[in-house]
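Owing to the predicted nature of the structure, the values given are computational and were not obtained by experimental measurement.
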Protein chains: 2
Amino acid sequence: METQVLDAAEALFYERGIHAVGMDDIRASSGVSLKRLYQLFPSKEALVVGYLERRDERWRGRLAAYVAEHQGQPLLLIFDWLYEWFTEPDFRGCAFINSFGEMGTSSEPIMRIVRHHMAELRAYVIGLAGDVTLGEQIFLLIDGAITIAAITNDPAAAHRAKTAAAALIG
Amino acid sequence: METQVLDAAEALFYERGIHAVGMDDIRASSGVSLKRLYQLFPSKEALVVGYLERRDERWRGRLAAYVAEHQGQPLLLIFDWLYEWFTEPDFRGCAFINSFGEMGTSSEPIMRIVRHHMAELRAYVIGLAGDVTLGEQIFLLIDGAITIAAITNDPAAAHRAKTAAAALIG
DNA sequence: TATCGTAGAGAACGCTCGTTCTCTAGGCTA
DNA sequence: TAGCCTAGAGAACGAGCGTTCTCTACGATA
């Protein structure tokens, strides 16, 4: 029930953006009645937060799993995984950066999860690097690659970022 | 007249985002009547395009002027300028990336100017670098720094990006 | 079987907003 | 002065949407 709602919310919000999707679209896509929907999530904002929280866990989980399961320099594996993500047909950039652009700072709960996502990703990368300075630099390349891949529709940004990362790692 | 409208539009759209600003807000802030406003820009979308086009020219003009007027490695001067920009009190990230997040791909004219801005910036950086590979890498760092500075509210992202750029330049 | 509670479908409500229309006042021409 | 054009203020219109309400039908219980 809640899973169906979050699945529909994630697909629609990520593809079309938050404003462009109405609660009735979520109802139609999930098959969950409006009444139930509001029992599960008392407002659209709560649903957006639920969507972003689940996406944050899953996105970071998939990245960490990829890095853990492959051979090679972990920091460089990140960019291989990014390339795979960028080439997925429904890739539309970072859900959190997009939500930030859409919401400005008008919704405090949404801003909190966006910043949380960024902080967790940053901490993960620094942990892999074993060095704050290097980790921060890799983090910059990751965000740059995501943004450029999304806007210019060019997954190869991941390759260029990987090359730069390799140079920084030395 | 048109200038007053664009000034108001830029201030409001950049600060609050596009959806959050109504045509009546533009009227109130610019002092230009709704009738005149629609004579100058036949729709809100046309006004947004006008805002982004003017901002694109001015933003890139200011960056290029800074680089031209200062001593040092031009590629590194970019990050000094970014730091100044990030510390302006009304800094809220890249207007183009934000508009992309807000509009998805729902407005073709807006997407065109967003992509144009990115392409021009990329070409400028590659020109300064004198080398496509290096230019692309610097471009990645620029976008990463802007995104991170905006979301984490941390202008020092410019310093970290500069350090990384210096390492890449060698 | 009769009654009650529940859940879903969708109408309704209130608000916002993009866009257009109306009304009025003021200034220019004959 | 009389008539006319313009421009602005703001009302009006229509659509979209978040949220709530109503009505109906069905299933469970005694």
**Asked** Do we get B/Arg60 above B/Tyr124's six-membered ring, with its NZ or CZ under 6.0 Å from the centre and within 45° of the axis?
**Response**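 No.
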
**Prompt:** Honestly, is B/Arg55 close enough over B/Tyr14, meaning NZ or CZ under 6.0 Å from the six-membered ring centre and within 45° of the axis?
**Reply:**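 B/Arg55 over B/Tyr14 ring: yes.
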
Any salt bridge linking [X] with [Y]? Criterion: basic side-chain nitrogen under 4.0 Å from a carboxylate oxygen.
X: B/Glu88; Y: B/Arg62; value: yes
X: A/Arg122; Y: A/Asp143; value: no
X: A/Glu15; Y: A/Arg92; value: no

**Asked** Just how far, in rounded Å, is P of D/dT6 from CE of B/Met1?
**Response**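 Nearest whole value for this atom pair: 17 Å.
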
**Asked** Rounded to the nearest Å, what distance is computed from the OH atom of residue B/Tyr38 to the C1' atom of nucleotide C/dC21?
**Response**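 Checked: the OH to C1' distance equals 13 Å.
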
**Message:** Ring centres under 6.0 Å, that's the criterion: do B/His117 and B/Trp59 meet it?
**Reply:**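 Yes, the ring of B/His117 comes within the 6.0 Å limit of the ring of B/Trp59, centre to centre.
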
**Message:** With a 6.0 Å cut-off on the ring centroids, do A/His159 and A/Tyr83 count as close?
**Reply:**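 That pair passes the under 6.0 Å test.
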
**Item:** Side-chain hydrophobic cluster, 4.5 Å single linkage: members besides A/Val132
**Value:**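 A/Ile126, all in the cluster of A/Val132.
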
**Asked** Which of residues 4-37 of chain B have a heavy atom under 4.0 Å from DNA chain C?
**Response**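 Those residues are B/Val21, B/Gly22, B/Met23, B/Leu34, B/Lys35.
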
**Prompt:** Of the residues in residues 40-54 of chain B, which ones touch DNA chain C at a heavy-atom distance under 4.0 Å?
**Reply:**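 Here the set is B/Ser43, B/Lys44.
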
